[in-house]
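Below you'll find the structure, written out as structure tokens, and then a few comments.
Lettering follows sequence order; numbering is per chain, from 1.
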There are 2 protein chains.
Amino acid sequence: MHILLVEDDAQLGSAIERALERLGYTVSWLRDGRSALNAIRDRSADLVLLDLGLPGRDGIDVLVEARRARIDTPVLVMTARDGLSARVDGLDAGADDYLIKPFHVEELAARIRSLSRRMRGLAVNCIEVGALSLDLGSSEVLFRGQPVELTRREFALLQALMESAGRLVRRESLENSLYGLDHVVGNNALEVLVHALRSKLSFETIRNVRGFGYMIPRDPQ
Amino acid sequence: MHILLVEDDAQLGSAIERALERLGYTVSWLRDGRSALNAIRDRSADLVLLDLGLPGRDGIDVLVEARRARIDTPVLVMTARDGLSARVDGLDAGADDYLIKPFHVEELAARIRSLSRRMRGLAVNCIEVGALSLDLGSSEVLFRGQPVELTRREFALLQALMESAGRLVRRESLENSLYGLDHVVGNNALEVLVHALRSKLSFETIRNVRGFGYMIPRDPQ
DNA sequence: GCCCCACTTAAGCGTTTCATAAGCCATCCG
DNA sequence: CGGATGGCTTATGAAACGCTTAAGTGGGGC
């Protein structure tokens, strides 16, 4: 998940950036409203962490402009404790949640998690591994940038594998998540499915571990 | 943002109240039509979430009275699935959108966000995609510049698809927003509806993605 | 009360998808 | 080297899916 951090204070900004990266997010840190707005318009970020204490009314303006452009990327605003009106303005302007400075990193992490949980199923929700990108929202799959048409079962299999990319997924566990616990399914269905998926992607993307299961390597080396 | 919740059921009311507060809104929860009407007249709320299942025709009356008093606070109406007539009355009486009980909290949140975005956007109640233009205020639909007569359901379907134009909308999600959560509804009502809509527009505008759902392409190429 | 309209249900049909089966290939043991 | 096991590949019939048309249902307007 990619987070756009908009914060003009150097010290605070770098602290937040480091904290977010430690939590496993990728971060773009921008210092001013103008470049922030451009970045938001690109829709490259999955979440925006916006400081409302920017010089001028920059922070609010960014938000208002973005919402006017019908960009509904979730926005989490940060305000000073005394900035009650700013906070209210922020929510009015279309923020999804707010944090009061100063805050604990745990608080920030919790808000981000809650927000990403909330937007799941509504906005884009991508898993990316190597040359593969899988969008759970639109059910679209890209392989080396090209869209690939998958059936429901193929999609489910790919999702299961990509969700634990780099790790082996036991055959049994795959069968469960594809067909449910009632194993009425014949013992060869999975192989057929794997084959179909491989021929739509490439034969190297899905690796078999004899006797155990399958995996998608995280580093395609 | 302050939301006025009008709901007589204690359990449901407190559940919705908690959910809204978790989403960062402040909530006033009122149980009956009379006090609701007073509160609406104060114009203290930014949005009203109104249950039409109040005893008597209280719910509708509140709405009609409020609109008669020229109060244009957005109203999101909640109705039971079987209360089709109540729903129609609700929209006729001046509701801005409706939800069918029971609903997911995410659905409620999405509607509230969409509504608040809509009212913020300088009364731009239009969604435009390709040759399609849908006016949420007047419920008018234009296709290639020509007005098209749609029924309520067709309109709701088109709205759902256009609100996420360019993205796939899962069949399940469409069924939820059209019929509510308890899909007691027959399993091909949606297909019939899609067919009706396609034949009023064109057969290319709505694309099916087998096994997943439907979408309206943002770029008709 | 009657008719009309919107809507759901039902049924038929073509297409796609999927599980099964059956044969082939690779790897692992002796 | 050869059997055995596990995985790969391909073909096929059945089931699922979606489209379409037609018939049934129930509410609102007259």
Side-chain angles (χ1 to χ4, degrees), chain A residues 139 141 148-158 160-161 168-172 174-180 182-215, chain B residues 52 57 60 79-93 98 100 139 141 148-158 161 168-172 174-175 177-180 182-215:
Chain A
S139 302
V141 174
V148 183
E149 298 266 325
L150 296 187
T151 70
R152 215 175 10 165
R153 281 261 138 77
E154 290 159 3
F155 187 88
L157 171 63
L158 185 60
L161 287 173
L168 180 118
V169 188
R170 284 179 189 288
R171 165 188 207 93
E172 189 185 320
L174 283 175
E175 280 173 350
N176 278 348
S177 67
L178 285 172
Y179 305 105
D182 42 353
H183 263 204
V184 203
V185 81
N187 49 353
N188 173 17
L190 183 61
E191 273 113 304
V192 177
L193 197 58
V194 168
H195 179 244
L197 189 52
R198 288 211 257 234
S199 56
K200 286 191 183 179
L201 305 172
S202 83
F203 286 76
E204 305 86 56
T205 32
I206 300 175
R207 283 242 298 274
N208 168 259
V209 180
R210 191 181 175 86
F212 294 95
Y214 294 86
M215 71 173 282
Chain B
L52 286 193
R57 271 178 48 92
I60 287 281
T79 72
R81 196 185 77 80
D82 49 14
L84 184 109
S85 69
R87 188 157 75 244
V88 172
D89 288 351
L91 287 173
D92 282 345
Y98 64 85
I100 302 169
S139 297
V141 174
V148 183
E149 293 276 322
L150 296 187
T151 68
R152 300 248 171 228
R153 281 261 195 269
E154 290 160 3
F155 187 87
L157 171 63
L158 187 59
L161 287 173
L168 182 126
V169 188
R170 279 170 200 293
R171 171 193 202 86
E172 189 186 323
L174 284 175
E175 281 175 350
S177 65
L178 287 170
Y179 306 107
D182 43 355
H183 339 138
V184 202
V185 82
N187 47 347
N188 79 334
L190 182 61
E191 273 110 308
V192 177
L193 195 60
V194 168
H195 180 236
L197 189 52
R198 288 212 255 232
S199 54
K200 286 191 183 180
L201 305 172
S202 84
F203 285 75
E204 303 88 59
T205 33
I206 301 176
R207 279 239 312 270
N208 168 259
V209 181
R210 178 173 259 260
F212 293 94
Y214 293 87
M215 72 175 283

(request) Would you tell me whether A/Arg152 and A/Ser139 have side-chain atoms, one donor and one acceptor, within less than 3.5 Å of each other? (result) no
(request) Take the protein atom CG of B/Leu157 and the nucleotide atom P of C/dA6, then report the distance between them rounded to whole Å. (result) 16 Å
(message) From CD of B/Glu191 over to C1' of D/dC19, roughly how many Å is that when rounded to an integer?
(response) 8 Å
(message) Strictly below 4.0 Å: does A/Arg171 bring a side-chain N or O up to OP1 or OP2 of D/dG7?
(response) yes
(request) Give one of base, sugar-phosphate or nothing for B/Phe155, where a contact means two heavy atoms less than 4.0 Å apart. (result) nothing
(request) Look at the side-chain N and O atoms of A/Tyr214 and state whether any lies under 4.0 Å from the OP1 or OP2 oxygen of D/dG6. (result) no
(request) Between C/dC18, D/dC8, D/dG18, spot the one nearest the side chain of A/Asn188, thanks. (result) D/dC8
(request) Please state how far atom CZ in B/Arg153 lies from atom P in D/dG26, giving the value in whole angstrom units. (result) 16 Å
(request) In whole angstrom, give the distance that lies between atom NZ of A/Lys200 and atom C1' of D/dT9. (result) 16 Å
(message) Here's a test of your reading of the structure: between B/Val192 and B/Arg210, which maps to the more 5' nucleotide of DNA chain C?
(response) B/Val192
(request) Measure from CD on B/Glu175 to P on C/dT9 and round the result to the nearest Å. (result) 11 Å
(request) Answer yes or no: does a side-chain N or O of B/Tyr179 lie under 4.0 Å from OP1 or OP2 of C/dC7? (result) no
